[in-house]
Peer 1: 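First the structure, then my questions, so here it is.
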Amino acid sequence: MKPKGAASVRASISFLPDIYEVLEQLAKEKKVSLAWVVRDAVERYVVAEQQERSEQE
């Protein structure tokens with residue numbers, strides 16, 4: 001993962017309405033932005049995938 005403060009890339013993502021509502025609720029409960037919730041989820045997913053791939057090698 002890139003260190004915090006590194007340049008970032010903007011992406012446009014579409015969600016099903018029910019998923020978007022859950023993301024909004026999570027962001028509200030955590031008092032963070034919806035973008036933060038999505039970035040956190042994606043980072044966790046990527047780390048898990050990398051670990052799984054390294055275990056398969």
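Reckoned from all heavy atoms, side chains included, excluding hydrogens, waters and symmetry mates.
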Peer 1: Rounded at 0.5 Å granularity, tell me how far CZ in R53 sits from CD in Q50.
Peer 2: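 The CD atom of Q50 is 8.0 Å from CZ of R53, to the nearest 0.5 Å.
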Peer 1: Can you measure from OG (S33) to CG (D40) and round to the nearest 0.5 angstrom?
Peer 2: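 Taking OG in S33 and CG in D40, the distance rounds to 10.5 Å.
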Peer 1: Applying side chain to side chain donor-acceptor pair (under 3.5 Å), name anything that partners Q25, two or more places apart in sequence or on another chain.
Peer 2: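 Checked Q25 against side chain to side chain donor-acceptor pair (under 3.5 Å); matches are E29.
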Peer 1: Quick one: pull up CG in L23 and CH2 in W36 and give me the separation to the nearest 0.5 Å.
Peer 2: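 The CH2 atom of W36 is 12.0 Å from CG of L23, to the nearest 0.5 Å.
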Peer 1: Measure the CD1-CD distance between I19 and E24 for me, rounded to the nearest 0.5 Å.
Peer 2: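 If we round to the nearest 0.5 Å, I19:CD1 and E24:CD are 12.5 Å apart.
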